[in-house]
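These figures come from a predicted structure and were not determined experimentally.
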Amino acid sequence: MSLHRLIAAFVLRHRAAYASSAVMLVLIALMLVWIPRQVGHVVDGLVARRWTDSQLWMELGALLAAGTAIYFLRVGWRLKLYAAAYRLGVELRERLYARLTLQGAAFYQDRRTGNLMALATNDVDAVEMAAGEALLAGFDGTLTLLLVLGMMSLGVDWRLAACAVLPFPLMALGFWRISRHVHEASRLSLDRFAALNDQVQETLAGVRTVRAIGLQARSEAQFGQLAGGAAQASLDAQRWEAAYEPAVGCTFAAATALVLGAGSWLVWQGELTVGQLTSFSLYLGQLVWPMFAAGWVLSLIERGRAAWARLQPVLDAPPAIEDHGTVATVQPGPLVAEDLTFSYAESARPALAGVSLTLPPGRTLGLVGPTGSGKSTLLRMLLRHYLPQQGRLLWNGVDLQDYTLAALRAAVAWVPQEAFLFSASVAENIALARPQATRAEIEEAARLAAVHDDILRLPRGYDTPVGERGVTLSGGQRQRVAIARALLADAPLLLLDDALSAVDTETETRILGHLREARIGRTVVIASHRLSAVLDADHILVLREGHVAEEGTHAQLAAAHGWYARQWQYQQLQASLDAA
């Protein structure tokens with residue numbers, strides 16, 4: 001969809017607001033073209049000395065009334081038109097946000113957060129201006145031009161009108177050349193602002209790392225370079241936009257010279273009165289607005305086109321997972337994987353190959369194996385972040401693809417290794433999935449996650465803000481807050497993706513003990529590099545290069561002399577050395 005079609009569709013949906021604004025603009029334009037004629041009429045009356053005092057005051061009163069009406073009509077169309085135009089910005093931001101929430105990891109691998117933020121700010125603003133300011137200026141300028149030229153030609157003298165428009169073709173050629181440069185300069189300005197946004201966002205997100213390894217000077221230099229580039233690009237765009245004004249000025253000066261020369265000669269010949277020449281001069285002054293409006297409209301349209309060219313690919317990008325499911329409620333039951341196979345686009349070998357399992361409800365499954373063996377991939381397939389390329393995943397006999405995404409995600413609580421916390425209080429982060437939870441329920445979930453005592457030691461307890469991404473908490477505290485959040489959600493399926501990697505073994509033991517108490521009726525899948533995290537699992541899968549290499553209980557695998565047994569012996573030795 002082009003920018004013009006987008007704006008046309010939006011105007012059609014909000015036609016009442018745009019139509020009422022258009023009517024008010026028409027009334028304003030009619031009064032504006034009437035005022036010079038009225039002024040000329042008053043001047044001719046004064047020259048002829050035909051006005052009495054009362055008549056003169058009536059004529060001047062009519063001019064005052066017209067000016068007052070113009071003032072209120074201008075306020076009215078602004079309220080109507082801008083309210084509608086701002087709605088386009090809201091709609092675009094809502095569409096962008098909704099689209100981004102449906103995208104998966106592959107989408108974000110190719111796009112940076114700072115650039116996406118720039119799309120939601122500068123780029124949407126540019127499109128919004130094209131739908132508001134540009135549409136208004138284009139309509140008002142065109143209407144004023146037609147009415148003024150009509151009054152010049154029919155109401156005063158067509159010969160002077162012809163002289164006035166003689167320089168217009170040269171101005172149009174200049175506008176065409178300038179607009180091409182404005183488009184390119186605007187595109188470059190938006191791109192460089194997005195790059196600056198990227199650098200700022202990444203630096204602030206990793207400010208601890210930047211300070212720890214002494215990269216402040218390098219970061220400042222990069223920021224200065226990007227800021228300078230963004231400022232220069234914006235300045236170039238402004239320079240080209242400023243080029244419209246000299247084009248208008250030269251055109252108006254040429255038109256004025258032609259009109260005054262021809263008009264003076266016509267007055268000298270007695271074919272034109274002084275009042276008529278005065279009226280025509282006032283009309284000529286009113287042509288300045290349509291000239292400036294044309295440049296302003298072209299500038300806004302080119303900015304909008306450049307912004308829409310960046311926005312449209314993101315808005316039109318297909319969602320990572322299509323939501324075509326029809327089952328709106330998940331009834332907990334056995335979890336079954338049948339010959340699951342999945343490969344990432346950039347990988348030469350499959351992440352999962354022929355994985356099958358059956359997990360009865362209320363049981364715990366342990367997933368272990370070397371790094372890159374497919375543990376996290378299997379969990380993400382349970383979340384429907386990815387779809388199997390071969391095989392099926394069933395929950396209570398229903399293919400996961402047949403559930404609606406909303407139903408499936410509501411039935412699953414997931415704790416990733418890198419826990420994400422929002423810039424809110426500890427209590428608000430725990431209650432994210434259940435905002436209506438009481439403080440007692442929040443504290444009970446924190447106790448189960450072995451983080452309650454840590455929270456009480458914070459300056460404001462559960463009301464302590466955690467900062468952006470939980471920056472004020474340690475890695476282990478962030479993981480335990482995320483576990484508390486998952487437990488409070490009380491979903492029938494709990495997925496822990498190496499969610500205990502940042503806590504010590506003693507705390508891990510406490511959390512796992514609490515999980516055994518709290519998992520009544522809940523199915524749990526634990527992926528971990530620490531084998532101690534899956535000791536009490538009802539069934540354990542050992543994944544190696546996407547295949548199931550071993551399976552069984554802890555006791556069975558420890559006695560089998562395979563990878564699991566070797567890894568268990570190594571971790572036990574390491575634990576004993578650490579204890580010593």
Side-chain angles (χ1 to χ4, degrees), residues 359 362-369 375-376 379 382-383 412-421 426-434 437 439-458 461-462 464 466 470 472-541 553-554 567-568 571-572 574-576 578-579:
L359 182 63
R363 301 294 184 88
T364 298
L365 173 68
L367 297 175
V368 297
K375 302 184 296 296
S376 295
L379 293 186
L382 291 172
L383 288 162
V412 181
W414 174 48
V415 185
Q417 180 178 356
E418 296 295 331
F420 186 92
L421 301 184
V426 176
E428 288 170 329
N429 271 285
I430 294 175
L432 186 64
R434 280 181 58 197
R439 179 55 64 89
E441 291 173 325
I442 293 172
E443 291 182 4
E444 178 59 24
R447 287 190 183 93
L448 292 174
V451 74
H452 174 71
D453 293 339
D454 292 53
I455 295 173
L456 293 181
R457 286 193 288 269
L458 295 174
Y462 280 85
T464 303
V466 301
T472 61
L473 303 181
S474 69
Q477 289 172 331
R478 288 197 296 270
Q479 280 192 335
R480 284 177 284 160
V481 168
I483 292 172
R485 180 166 62 199
L487 293 174
L488 184 63
D490 199 25
L493 177 59
L494 174 62
L495 306 179
L496 302 179
D497 188 2
D498 214 6
L500 300 171
S501 60
V503 301
D504 56 75
T505 54
E506 181 182 348
T507 304
E508 177 189 70
T509 302
R510 289 169 54 201
I511 294 172
L512 291 173
H514 294 158
L515 283 177
R516 284 194 296 272
E517 298 171 6
R519 80 181 194 202
I520 300 174
R522 176 183 289 171
T523 303
V524 181
V525 180
I526 303 175
S528 178
H529 287 94
R530 280 187 192 168
L531 302 188
S532 57
V534 298
L535 284 180
D536 296 321
D538 298 293
H539 194 72
I540 300 172
L541 292 184
T553 63
H554 168 72
Q567 194 69 11
W568 174 247
Q571 291 186 9
Q572 287 295 100
Q574 187 179 41
S576 63
D578 291 340

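With sequence neighbours left out, the side chain to side chain contact (heavy atoms under 4.5 Å, CB included) criterion links A527 to L367, K375, L379, D497. Residues passing the side chain to side chain contact (heavy atoms under 4.5 Å, CB included) test with R447 are E443, E444, H452, sequence neighbours excluded. Legend: residues meeting side chain to side chain contact (heavy atoms under 4.5 Å, CB included) with Q477, ordered by chain and number and at least two apart, are D454, L473, S474, R480. Residues passing the side chain to side chain contact (heavy atoms under 4.5 Å, CB included) test with A437 are R434, E441, I442, L488, sequence neighbours excluded.
With rounding to the nearest 0.5 Å, the separation of NE2 in H539 from CZ in R363 is 11.0 Å. Atoms NE2 and CG, on H554 and L531 in that order, are 8.0 Å from each other to the nearest 0.5 Å. Note: L487 CG to L494 CG = 6.0 Å, rounded to the nearest 0.5 Å.
Scanning all heavy atoms of the two residues, the minimum distance from A419 to A482 falls at CB-CB, 3.6 Å. Nearest heavy-atom pair across T464 and G461 is OG1-O, 2.9 Å. Between A491 and A413 the shortest heavy-atom distance is CB-N, 3.6 Å. Here the closest non-hydrogen pair linking L512 and A533 is CD1-CA, 3.6 Å. Heavy-atom minimum distance, S528 versus V368: O-CG1, 3.5 Å. Here the closest heavy-atom approach between residue V466 and residue L421 is recorded as CG2-CB, 4.3 Å.
Not one N or O on the side chain of R478 forms a donor-acceptor pair closer than 3.5 Å with the backbone of F420.
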Chi angles and distances behind the side-chain contact (heavy atoms from CB on, under 4.5 Å) call for T364, D536: CA-CA 8 Å; T364 298; D536 296 321; over 6 Å; no
Test side-chain contact (heavy atoms from CB on, under 4.5 Å) on V426 and I430 and set out the steps. CA-CA 6 Å; V426 176; I430 294 175; 4.0 Å; yes
side-chain contact (heavy atoms from CB on, under 4.5 Å) evaluation trace for W568 with L535: CA-CA 10 Å; W568 174 247; L535 284 180; 3.5 Å; yes
What's the verdict on side-chain contact (heavy atoms from CB on, under 4.5 Å) for D498 and H529, showing C-alpha distance, side-chain angles and the deciding distance? CA-CA 7 Å; D498 214 6; H529 287 94; 2.8 Å; yes
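For E418, the CD atom sits in a loose shell: 12 or fewer heavy atoms of surrounding residues, nucleotides or ligands are nearer than 6.0 Å.
Among the candidates T523, L382, L493, the single residue satisfying the side chain to side chain contact (heavy atoms under 4.5 Å, CB included) test with V412 is L493.
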